[in-house]
Amino acid sequence: MTANWTVKRLEEACDFYNGLWKGEKEPFVNVGVIRNTNFTKEGWLDDSDIAYLDVESRKFEKRRLQYGDVILEKSGGGPKQAVGRVVLFDKKEGDFSFSNFTSAIRVRDPELLDFRFLHMFLHWTYVSGVTEKIQSNSTGIRNLDGNAYKAIEISFPRLKAQQRIVAILDEVFAGIDSAKANAERNLRNAREVFEGCLESKFASITGNDLQAAIGDVTGGVFTGPFGSLLHKRDYVENGIPLVNPAHISTGEIVPDSRKTVSAATATRLSSYAMHAGDIVIGRRGEMGRCAVVTESQAGWLCGTGSFVIRAGDRFNSDYLSRLLRSDVHKKRLEKVAGGAVMPNLSNSDLSSYQVALPTLDRQIEMLREIELMEAEFKRLESIYTRKLTALDELKQSLLHQAFSGQL
């Protein structure tokens, strides 16, 4: 299908330029600097928060962006996001450069290779997983292997055929992006409706039921072990989990298997072991982050940054956990915790924290109502998520067709 197409390595068809360090030698010039935060997942430039910095004039002149440059993310990414995203610089006015975490790619011969075709090819290279295979991790940051990237081969037809392919993709992608925006908006709306119903449900009990301090109507509030009780030698992989705030997500406990403790350490710290039905809640950082301990998680340890609430016989654990992670209680807990940099609850703060105490029957009834609402939200969420996935797959399929000569 691509028998008459030209094949070149990227380093043969393009020039690569390293990003800009701020520098400290005058004279300076104030310019817009494109950073990783300006990359969208669709491969376009988000110019809503471009940083304007004073940079060395000498260095800027060598790194001034030109209309049609493709900017490559060479360092960054994240645990679930590969490095190697690209955006097209499509500005014809203003002074702009690019950060040292990025590189600029410039077509050498515009009569041979259209920069829009190059941009779409490099975006396809990223979304198809090519850059995932040519990167390394360093202190939590992913780094692209520059030499391997430059050696990637690009196939392209004559210029007019490239422009025709780009025009087709632009038109189809505009429709796909519109459909995705609608699905994302519907998903947000469904989530907002669910959260609103949830808040109304909890707000309805505030004035009608007994208000009581958590410490008075539960089995008590317990603190995790002090840092002095744990040492580096106590940690092992795939041992007994320690549950800190970072391990509590959307009402579930997701431990880090790389930082657990040995059985001997767990025995030594057995007084901090959690029971099934306990509520583990973070005492610092994001307030209201909590989850109920399941049967399979019994024996895991409450971490230094967490508290355990033992529900006792007047609270249903699931009800109390839902209540504490609702928006209204998150905001209240933030005020109680205080702290300009990071909110931090004390044991007495949480023990004396006032919550509504309906009857156990009413708590269970509310949970059933919440579960019905949540099931409907999950159904809608699944529909919109599947639609978004299908649209992404359609886009990748079209890109594959484009660069294999099928368009």
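Since this is a predicted model, take the numbers as computed values, not measurements.
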State the OH-SG distance between Tyr272 and Cys302, to the nearest 0.5 angstrom.
9.5 Å
Side-chain heavy-atom pair Tyr52, Phe96 within 4.5 angstrom cut-off:
yes
So, using side chain to side chain contact (heavy atoms under 4.5 Å, CB included) as the criterion, who are the partners of Ala183 when residues are at least two apart?
Lys387, Leu388
State whether the side chain of Ser382 and the backbone N or O of Arg379 hold a donor-acceptor pair below 3.5 Å, judged by distance alone.
no
What I want to find out is whether Arg368 reaches Glu371 closely enough, with some N-O distance under 4.0 Å, to be called a salt bridge.
no
Donor-acceptor contact below 3.5 Å, side chain Ser128 vs main chain Trp124:
yes
Would Asp46 and Asn38 count as having a side-chain donor-acceptor pair, cut-off 3.5 Å?
no
Apply side-chain contact (heavy atoms from CB on, under 4.5 Å) to residues Asp114 and Phe156 and explain how you reach the verdict.
CA-CA 9 Å; Asp114 186 281; Phe156 50 92; over 6 Å; no
Once side chain to side chain contact (heavy atoms under 4.5 Å, CB included) is applied, do any residues pair with Ala148, and if so which ones, sequence neighbours excluded?
Ile134, Asp145
Donor-acceptor contact below 3.5 Å, side chain His247 vs main chain Pro241
no
Check: Pro225 main-chain N/O paired with Thr304 side-chain donor or acceptor under 3.5 Å
yes
Do the numbers put Lys74 on top of the ring of Tyr149, so that NZ or CZ is under 6.0 Å from the six-membered ring centre and no more than 45° off the axis?
no
Pair Glu369 + Lys201, salt bridge at N-O below 4.0 Å
yes
Straight-line distance of Ser262 OG to Tyr235 OH, nearest 0.5 Å:
11.0 Å
Can you see whether Tyr17 has Lys62 sitting over its ring - NZ or CZ less than 6.0 Å from the centre and within 45° of the normal?
no
Electrostatic pair Lys180:Asp392 at N-O distance under 4.0 angstrom:
yes
Review item, side-chain donor-acceptor pairs of residues 85-93, under 3.5 Å, at least two apart:
from	atom 1	to	atom 2	distance (Å)
Arg85	NE	Glu73	OE1	3.2
Arg85	NH1	Phe39	O	3.3
Arg85	NH2	Asn36	O	3.4
Arg85	NH2	Glu73	OE2	3.0
Lys91	NZ	Asp47	OD2	2.7

Pairing of Arg142 and Glu132 as salt bridge, 4.0 angstrom limit:
yes
Salt-bridge contact Lys259-Glu237 (side-chain N to carboxylate O under 4.0 Å):
no
Pairs of donor and acceptor atoms involving the side chains of residues 212-224, under 3.5 Å and at least two apart or interchain, shall be tabulated with distances.
from	atom 1	to	atom 2	distance (Å)
Thr218	OG1	Ile214	O	2.7
Thr218	OG1	Gly220	N	3.2
Thr223	OG1	Asn347	ND2	3.0

Among Arg325, Arg283, Met287, Arg289, which one satisfies side chain to side chain contact (heavy atoms under 4.5 Å, CB included) with Leu333?
Met287
Within the side chain of Gln162, is there an N or O that forms a donor-acceptor pair under 3.5 Å with the backbone of Pro157?
yes
Keeping Gln297 on the side-chain end and Thr294 on the backbone end, is there a donor-acceptor pair under 3.5 Å?
yes
Would the distance check show the side chain of Glu199 and the main-chain N or O of Asp327 forming a donor-acceptor pair, the cut-off being under 3.5 Å?
yes
So how far is it from Leu399 CG to Ile165 CD1, rounded to the nearest 0.5 Å?
11.0 Å
Could you walk me through whether Thr40 and Glu42 pass the side-chain hydrogen bond (donor to acceptor under 3.5 Å, both in side chains) test, one step at a time?
CA-CA 5 Å; Thr40 72; Glu42 302 297 341; over 6 Å; no
Tell me which donor-acceptor pairs under 3.5 Å the side chains of residues 309-317 have, and how far apart each pair is, sequence neighbours excluded?
from	atom 1	to	atom 2	distance (Å)
Arg310	NE	Asp278	OD1	2.9
Arg310	NE	Asp278	OD2	3.3
Arg310	NH2	Asp278	OD2	2.7
Asn316	OD1	Asp318	N	2.9
Asn316	OD1	Tyr319	N	3.1
Ser317	OG	Gly277	O	2.5

Within the side chain of Arg108, is there an N or O that forms a donor-acceptor pair under 3.5 Å with the backbone of Leu113?
no
Donor-acceptor pair between Ser326 and Arg322 side chains, under 3.5 angstrom
no
Steps toward salt bridge (charged side-chain N to carboxylate O under 4.0 Å, His left out) verdict (Glu12, Lys150):
CA-CA 8 Å; Glu12 295 174 322; Lys150 291 176 183 178; over 6 Å; no
Taking atom CG of Asp15 and atom CG of Asp69, what is their separation to the nearest 0.5 Å?
10.0 Å
If you apply the rule salt bridge (charged side-chain N to carboxylate O under 4.0 Å, His left out), what do you find for Lys8 with Glu153, and how did you get there?
CA-CA 5 Å; Lys8 286 181 177 287; Glu153 291 186 337; over 6 Å; no
Asn238 vs Val236, test: side-chain contact (heavy atoms from CB on, under 4.5 Å). Steps then yes/no.
CA-CA 7 Å; Asn238 300 311; Val236 297; over 6 Å; no
For the CZ atom of Arg106 and the CZ atom of Phe115, what is their distance to the nearest 0.5 Å?
12.0 Å
Glu252 versus Ser249, side-chain donor and acceptor atoms under 3.5 Å
no
Any salt bridge linking Lys330 with Glu286? Criterion: basic side-chain nitrogen under 4.0 Å from a carboxylate oxygen.
yes
Arg188/Glu195 salt bridge by N-O under 4.0 Å criterion:
no
Arg332 (side chain) donor-acceptor with Gln354 (main chain) under 3.5 angstrom
yes
Please enumerate all residues that pass side chain to side chain contact (heavy atoms under 4.5 Å, CB included) together with Ser352, with sequence neighbours excluded.
none
Applying side-chain contact (heavy atoms from CB on, under 4.5 Å) to Val293 and His275, what does each step give before you reach the verdict?
CA-CA 7 Å; Val293 179; His275 302 172; over 6 Å; no
Lys331 atom NZ, over 12 foreign heavy atoms within 6.0 Å
no
Check the orientation of Tyr353 and His329. Use parallel for under 30°, tilted for 30 to 60°, and perpendicular for over 60°.
perpendicular
Euclidean distance, Phe117 CZ relative to Ile154 CD1, rounded to 0.5 Å
5.5 Å
Does Glu393 form a side-chain contact (heavy atoms from CB on, under 4.5 Å) with Gln396? I'd like the steps, not just the answer.
CA-CA 5 Å; Glu393 290 173 349; Gln396 288 194 40; 5.7 Å; no
Side chain Asp234, main chain Leu230, donor-acceptor under 3.5 Å:
no
The test is salt bridge (charged side-chain N to carboxylate O under 4.0 Å, His left out); show your working for Arg116 and Asp170 and say whether it passes.
CA-CA 10 Å; Arg116 297 177 187 83; Asp170 278 343; 5.9 Å; no
Is any side-chain heavy atom of Val172 closer than 4.5 Å to a side-chain heavy atom of Leu398?
yes
